Every structure is written in C-alpha cells, then in structure tokens.
4 protein chains.
Amino acid sequence: MTKRLPEDPAKKARMLTAAIQLFAEQGYEPTHVDQIAQQAAVSKGLVFKYFTNKEQLYLAALTAANQQFMTVIDRTVWQNSADLSAMIINATRYKIQLQLQFPAEFNLLMTAFVHQQQLPASSQAYVQKMFVANHDLTSELMTPVVALLQFKPGATAADLLEVIGYITNGYIHKIQRYLAAHPEITKIEQMEPLIQDLATKLKLVESGFIQG
Amino acid sequence: MTKRLPEDPAKKARMLTAAIQLFAEQGYEPTHVDQIAQQAAVSKGLVFKYFTNKEQLYLAALTAANQQFMTVIDRTVWQNSADLSAMIINATRYKIQLQLQFPAEFNLLMTAFVHQQQLPASSQAYVQKMFVANHDLTSELMTPVVALLQFKPGATAADLLEVIGYITNGYIHKIQRYLAAHPEITKIEQMEPLIQDLATKLKLVESGFIQG
Amino acid sequence: MTKRLPEDPAKKARMLTAAIQLFAEQGYEPTHVDQIAQQAAVSKGLVFKYFTNKEQLYLAALTAANQQFMTVIDRTVWQNSADLSAMIINATRYKIQLQLQFPAEFNLLMTAFVHQQQLPASSQAYVQKMFVANHDLTSELMTPVVALLQFKPGATAADLLEVIGYITNGYIHKIQRYLAAHPEITKIEQMEPLIQDLATKLKLVESGFIQG
Amino acid sequence: MTKRLPEDPAKKARMLTAAIQLFAEQGYEPTHVDQIAQQAAVSKGLVFKYFTNKEQLYLAALTAANQQFMTVIDRTVWQNSADLSAMIINATRYKIQLQLQFPAEFNLLMTAFVHQQQLPASSQAYVQKMFVANHDLTSELMTPVVALLQFKPGATAADLLEVIGYITNGYIHKIQRYLAAHPEITKIEQMEPLIQDLATKLKLVESGFIQG
DNA sequence: AATGAATGAGCGTTCATTCAT
DNA sequence: AATGAATGAACGCTCATTCAT
C-alpha cells in the first residue's frame with residue numbers, strides 16, 4: 001500500500017552482494033559500511049538511505065542470501081530419491097553445489113547464528129526465525145521419505161531425523177572448512193570422495209555399526 | 001592486614017571472571033575494556049597493567065576458562081564405563097554438570113572458535129591449538145573403549161567416533177540453548193530426560209535404526 | 001555556491017595554519033590534535049582525514065612552512081649585492097621581513113631541529129633533509145660572492161663562510177628573541193638599528209677587530 | 001628556618017643523576033617518571049615526595065647540572081691566558097673536558113633552552129635566569145682580557161665579545177654533534193684538531209680575513 | 001620514610017551516521 | 001536521487017599522580 005521510494009534495483013543488488021561477501025568474510029563488526037559502499041560502487045550515503053543503518057543492512061544481506069537459496073532450490077532433489085541415504089546424499093551434493101555456486105551467501109548464513117549475539121535483540125529474533133523456517137523446510141521435505149521406513153522397536157522417525165541432522169550439519173561444516181582450505185576446488189566431482197564417505201556413514205547409522 | 005601483592009589475586013580473579021562472562025555474552029569486539037573493569041570493580045588502568053592489552057586479556061580469559069575445566073575434569077568419568085553409550089552418557093552428564101557449574105566459562109569456549117577470525121592472527125593460533133588439544137584428549141579417552149567393539153563389515157572405529165562426535169556436538173549445543181532458555185535449571189537431575197534421550201539415540205546408532 | 005571539494009582548500013589551509021602556529025608555540029608533544037582542530041574550526045575527524053595522523057600533520061606543517069619561504073624567496077636579494085657584507089645584510093634584512101610576515105612559519109622551522117628527537121625516526125630523516133637543502137641553497141648563493149675576495153694568508157673562503165654562518169645564526173636568534181619580546185614591531189625599518197649593528201660586526205670580521 | 005624533611009642525600013643524588021641523564025637523552029615529555037625512579041633504584045612515590053611533580057624534578061635536574069659546573073669550574077683557566085685567543089682556546093678545551101666528564105649534564109643544559117617552551121611559564125623564567133647568569137659569568141671572566149686589547153676605530157670590546165660568543169656557541173654545538181657521532185672519543189687530545197681550527201678562526205677574526 | 005599498586009583524566013585514532021550540496 | 005565531506009561519540013591505551021600499607 002505504502003508507496004515505495006523509487007530505488008534503483010541494480011544499485012541495491014550491488015550493495016547486497018557486497019554486504020553478503022564482506023560480512024561473510026570478515027564478520028559483522030570488522031566490516032565497515034565504507035568498504036561495502038566502495039565495493040558496490042555507490043556512495044556511503046546511499047547505503048544508509050536504502051538500509052537505514054548497519055544492522056538493517058546486515059539483516060537485509062542475511063535475508064537476501066536466504067532468498068537466494070529459497071528461490072534457486074530444486075525440491076525434486078529431495079523428492080526423487082530411492083531411499084533415505086540416497087536422498088541425503090543428493091541433498092548434500094546439492095548443497096555443496098550451492099556452496100560452490102554461492103560461496104559468500106553460504107558462508108554468511110553459516111556464520112549468522114554466531115553473530116546473533118552481537119546484534120541487538122530485535123535482530124536476533126529475526127535470524128532465529130529464519131533458521132527455524134529453514135529447519136522446518138528440511139523436515140518437511142524429509143518426512144515423507146522417512147515415513148516409509150520400517151523402524152526398529154524404540155526407534156522413531158523424529159529420532160532418526162534429529163540424528164541425521166546433527167551428522168549432516170557436522171559434515172557441512174567439515175566440507176566448508178575443506179573448501180576454504182582448498183580454493184582450487186570448483187567442481188562437485190572433486191568432492192565426491194567426501195560425499196561417498198558421508199553415504200557410508202549414513203548407511204551405517206541406518207543399519208548399525210555394531211555386530212550383534 | 002592483607003599484604004599488598006604485586007598482583008592481587010582477588011582482583012585478577014575478578015577481572016578474569018568479568019572478562020569471561022562479558023566476552024562469552026557479547027563476543028570480542030562488542031565487549032569494552034571499560035565494561036570489564038567496571039564489572040570487576042577495578043580501574044581501567046589496572047586491567048591493562050595486569051593483561052597488557054585487550055587481546056591478551058581475551059586470551060587469558062580463554063586460558064583461564066580452559067584451565068578451569070582441565071583442572072576440575074575427572075577422567076574416571078570416561079574410564080569407568082561399561083560400554084560406549086554409557087561412557088558417552090557419563091561424559092555428557094558430566095559436561096552438563098560443568099556447564100551448570102561454570103556457565104560463562106563454558107559459553108566462552110563454545111564461542112571462541114567463531115570469534116577466531118576477529119582476533120589478531122597470533123591469538124588464532126593459540127585458540128586453534130587449545131581446541132586440537134581438547135579434541136585429542138577426548139579421542140585418547142574414547143579410543144580404548146571403542147577398540148573393544150565388534151564392528152560390522154565396512155564399519156570402522158574411526159567412522160563411529162566421527163559420527164558420535166557430530167551427534168554429541170550437536171547435542172551439547174542443543175543443551176546449551178536449552179539451558180540459556182531455562183535459567184531456572186540448576187540441577188543435573190532436571191536434565192536427565194535429555195540425557196536419556198541422547199542415550200537412546202546413541203544406542204540406536206550402534207545397533208541401527210532400521211529393521212532388517 | 002562553492003562546490004564541495006574532496007579537499008576543501010580553505011579548511012586545509014586553516015588546519016595547516018593552526019598546526020604551524022601551535023606546533024611552533026608549544027612543540028610537538030604538548031600540542032594536541034584537538035586543539036588544532038578547534039583553532040581551525042573543524043572537527044577532529046577531519047584533521048585525520050586530511051593528514052592521516054599527528055606525525056604526518058606535523059610534517060605537512062613543516063613542509064608548508066618551508067614551501068612558504070621557498071616560494072616567496074627572492075634570490076636576487078643575494079645576487080645583486082656589491083660585496084659580502086652588503087649581501088649578508090640584504091639577506092638578513094630579507095629574513096627579518098619574512099619573519100615579520102610569517103612569524104609562526106619561521107618559528108616552526110627554527111624549532112624543528114630541536115624537536116627531531118621527539119619525532120618518529122621517519123620524520124627525522126625528512127627534517128634533516130630539509131635543513132641540508134636549505135643550507136646548500138645558502139652556500140650556493142654565497143659561494144660566487146666569496147670567491148671574489150682576496151684572502152689573507154692562512155684564511156680560506158670556507159673558514160669565512162663558517163664563521164659568518166655562526167654569526168648570522170646567532171644574530172637571527174637574537175632578532176627572533178627580540179621580536180618575540182616586542183610584538184609591537186611590525187615594520188622592517190624598526191629593526192634597522194640591529195641590522196646596521198650586524199653590518200658593522202661583519203665588516204669588522206672581514207677586516208679585523210684588532211689594531212696592528 | 002623551616003625544618004627540612006629528613007631526606008636521604010644518596011637517594012636524592014641518584015634521582016637527580018637519573019633525571020639529568022634521561023631528560024638530556026630523551027627530552028622532557030618522552031621521559032617518564034617511572035623510568036627515572038627505576039634507574040635511580042627508588043620507588044616512584046619517593047620521586048614525588050622529594051620533587052613534588054615532574055616539572056619540579058626537571059627544574060631540579062637543570063639546577064643540579066648547572067651547580068655541577070659552577071662548583072667544578074676552574075676560573076684560573078680563563079685568568080691565566082696570554083691573550084684573547086689563548087684564553088678562548090683554553091676555555092673551549094676546558095668546556096670539552098667538562099663535556100667529556102659530565103656529558104649528561106652538559107647535554108641537558110644545551111637542550112634546556114629549547115624545552116623551555118614546553119614548560120609552564122614559571123619554569124621558563126627560572127631557566128632564563130640561569131642562562132643569563134651563565135652568560136654574565138663568562139662576560140665577567142673575559143672582560144679584563146678584552147680590556148687590554150687595542151681596538152681598531154669603530155670596534156668595541158662589546159662587539160668583539162658578542163661575535164666571539166656567536167662563534168664559540170656555534171662551535172660548541174658542532175663539537176657536541178661530533179662527540180655524539182663519535183662516542184669512542186674519551187680524551188681531550190683527540191679533539192685537538194678541532195680546537196686548533198677554532199683557534200685559527202678566532203685569530204682571523206681578530207686580525208681580519210680580508211687582504212688590504 | 002618508603003613503596004608500588006591503583007587511579008582516571010586525557011591522548012590519538014576510528015567509523016557509523018548526518019547533511020549540505 | 002545521490003554524493004562524500006564532515007561530524008563527534010567512543011574506543012584502546014598511557015602515564016602523572018595519589019594513597020593504603
């Protein structure tokens with residue numbers, strides 16, 4: 001309803017791109033608005049006109065990064081999988097692909113949780129909500145696949161999802177560290193060994209590590 | 001009566017306590033030396049006399065928090081366990097106890113990794129080393145127990161340790177969030193349901209979630 | 001109306017003027033950037049934007065003061081002189097004129113040597129070079145005149161130049177002290193007695209004080 | 001009349017020695033009371049008890065350095081000279097000896113004039129007076145010798161004394177720079193060439209540089 | 001008398017934010 | 001709308017001075 005200010009979308013996009021990259025690389029405090037403006041090839045004043053203050057800019061960067069993934073995401077990756085392990089492998093492979101494609105956005109979201117405490121309370125709630133939504137989406141996509149499984153007595157779908165969540169989360173961090181240490185990697189194929197390793201582990205979680 | 005010492009241990013302790021708490025709550029950059037001095041009820045000058053500069057103070061806080069746990073830690077918790085799950089449960093219960101007893105120290109160490117990039121390079125190396133040492137200690141304590149297990153074909157002790165690492169790590173964060181949201185909890189007994197839940201999950205990882 | 005320039009020359013000039021005056025009056029350490037900003041009627045931040053730090057500001061003040069004289073200096077004063085005494089008198093009269101015209105600049109340069117040891121090493125080199133250049137210029141201007149003189153046995157042009165250097169140097173200080181004590185003096189004519197006195201002395205040095 | 005506080009003369013002397021050396025080496029501002037106390041092997045508190053504040057300490061150091069020379073000075077050096085040049089040479093040689101013997105004191109007095117402006121007005125007056133007294137002493141010692149000279153028409157004893165003052169002053173600075181650059185020099189004999197050079201110049205001033 | 005731990009005003013410097021153009 | 005010069009609060013840190021012991 002409220003008439004939006006006429007904003008140049010190209011400039012706004014450049015600012016967000018710069019913000020995403022620099023906040024992801026350096027964190028919240030060490031990134032200066034000056035830097036972002038310069039990298040976006042706009043004036044500092046315009047950054048404040050479009051985003052009010054540094055905190056809002058950070059939040060906008062976070063939202064944009066999240067949107068990036070939400071827009072691009074291909075749900076069929078989750079849906080067209082034979083079984084749970086295959087699904088997770090597909091999903092992980094897909095995430096790595098996204099990470100290779102949008103490294104700055106990916107990094108920003110990964111570090112966002114951590115920087116929450118450095119932001120005013122109001123922002124923290126927003127970040128929180130975003131992550132909950134992400135988590136819910138993943139659950140939603142996984143639930144139908146898990147529902148088909150035949151669980152042992154005492155085991156539940158929720159338990160398995162939670163455990164898988166911890167493992168994949170840990171693995172994503174491992175991969176991120178690996179990619180950061182090996183910037184020459186640009187193709188998903190080069191990550192295949194790690195993906196297969198994760199597959200093995202997930203299979204073992206399904207069927208059990210221990211003889212008996 | 002009390003002889004004035006070159007370094008008053010009471011004051012130094014107050015400064016470290018304040019530093020641990022504030023760095024843990026707010027992170028490195030947003031915490032100001034003034035704040036720490038005020039909370040420790042000493043002058044700003046004294047903080048610099050005792051710790052040279054803000055970076056060293058952070059490092060000292062980190063070291064003190066780490067020492068706290070290293071000193072107090074009871075290795076028998078790991079060693080006197082019937083099986084792997086029992087061991088991890090004992091360890092987790094023990095960690096929760098420490099977290100309840102030294103919440104600020106615990107939080108500081110948990111966030112230290114994350115703040116690494118915001119610290120000068122020299123500090124990063126120190127933090128890194130500390131965490132490697134911690135990880136090595138855990139591995140050392142766990143290895144003998146895992147060695148006794150009978151693994152299924154294709155499963156290895158290393159795989160299991162890695163997976164367990166991800167799960168317990170995720171669980172520790174879950175518990176930390178839970179405790180932060182429920183400050184009324186002061187006794188380990190109140191956390192018993194969560195611990196039992198973790199136990200169930202670990203058992204399932206050992207034996208498998210899926211029928212057949 | 002006035003276009004806002006990246007560096008407002010009026011402001012920069014005000015800062016330099018203030019810096020020259022205050023550094024000259026008080027020396028390097030006792031002069032505070034706050035003071036300079038206030039006297040120049042700009043914010044402290046702007047001083048740093050224009051001059052990076054206090055040391056560079058001092059150097060800029062020094063350079064500006066030096067430039068002032070280099071630009072204004074009229075070499076014909078040295079060149080169109082009948083003999084050595086006349087030349088030195090002309091030069092001295094000219095220096096007094098400059099001192100009356102740019103007292104702060106003059107004072108700053110006079111005290112610069114002395115403050116060298118209180119400046120960071122990098123600045124010392126610069127100051128040193130500036131003074132050597134000044135000395136070289138004076139020598140260059142004087143050499144042709146001295147070369148025409150008929151020296152007594154045992155006397156050399158170099159000796160005479162050195163002695164004259166000590167005397168004029170001492171005299172310049174004397175005049176500077178005199179002007180500082182008599183701020184009502186604004187015209188070179190009022191200094192004529194001192195100049196004539198110096199002329200007499202230089203003549204005596206040429207021909208000798210002592211009978212026989 | 002007023003009962004003096006019981007002061008330990010040995011400690012006071014150590015403080016003054018340290019103050020003289022450090023103020024001479026580093027100047028007023030860059031020298032810290034901490035440093036002086038440490039070098040004097042007394043507590044910082046005692047320095048303030050004995051000298052009230054840093055400024056008074058500086059003044060005391062100056063006075064002590066001056067006293068050092070006043071006490072030690074051998075007036076016969078001036079008095080037992082055949083003629084003016086001999087007298088000045090003797091005096092200069094003597095000053096160099098003092099400079100070698102009490103380098104810190106000598107340096108402090110040489111730089112005092114310059115640091116005057118960095119001290120509060122009250123101190124400046126004191127320093128001023130000290131230098132005037134020194135000058136008067138030199139004049140008093142020289143006057144009888146100069147009085148014996150047979151001056152050319154237009155030349156006066158006062159003129160000659162002034163000119164000689166400038167030259168010797170310039171020369172003392174030259175020697176001081178030379179000694180600072182050649183710390184291996186410890187004996188007056190090593191300075192003899194410079195002294196002879198000065199002698200030559202003074203003779204030339206007496207009799208004139210120029211033929212005819 | 002003597003100490004040196006403790007203080008805090010004040011320094012140089014940074015950077016988010018404002019505003020004249 | 002867009003700029004970037006200008007601001008000033010706030011930071012980390014120093015050091016003359018004080019005062020409990």
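Chain letters run A, B, ... following the sequence lines, proteins first, then strands; residues in each count from 1. The structure displayed is predicted, hence computed values, not measured ones.
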More 5' along DNA chain F: B/T31 or A/A41, using each one's nearest nucleotide? A/A41
Just checking D/K44: base, sugar-phosphate only, or nothing, at a heavy-atom cut-off of under 4.0 Å? base
Looking at F/dA16, I'd like to know if its phosphate oxygens (OP1 or OP2) sit under 4.0 Å from a side-chain N or O belonging to D/H32. yes
The residue, C/T52 or B/G45, whose nearest nucleotide of DNA chain E is more 5′ is B/G45
From A/F106 CZ over to A/I20 CD1, what is the distance, rounded to the nearest 0.5 angstrom? 14.0 Å
Closest non-hydrogen atom pair between D/T31 and D/K54, with its separation: O-NZ, 2.8 Å
Over how many whole Å does the gap from A/F51 atom CZ to E/dT17 atom C1' extend? 16 Å
Selection from F/dA5, F/dC13, F/dA2 that lies nearest to any side-chain heavy atom of A/K49: F/dA2
When all nucleic acid strands are considered with a 4.0 Å heavy-atom cut-off, which category describes A/K11: base, sugar-phosphate, or nothing? sugar-phosphate
Between C/V42 and B/F48, who's closer to the 5' end of DNA chain F by nearest nucleotide? C/V42
Watson-Crick or G-U counterpart of F/dT21, or none if no pair lies under 3.5 Å: E/dA2
Is any side-chain nitrogen or oxygen of A/S43 closer than 4.0 Å to OP1 or OP2 of F/dT3? yes
Report yes or no: do D/Y126 and D/T63 form a side-chain donor-acceptor pair below 3.5 Å? yes
So, OP1 or OP2 of E/dA1: does either fall under 4.0 Å of a side-chain N or O from D/Y50? no
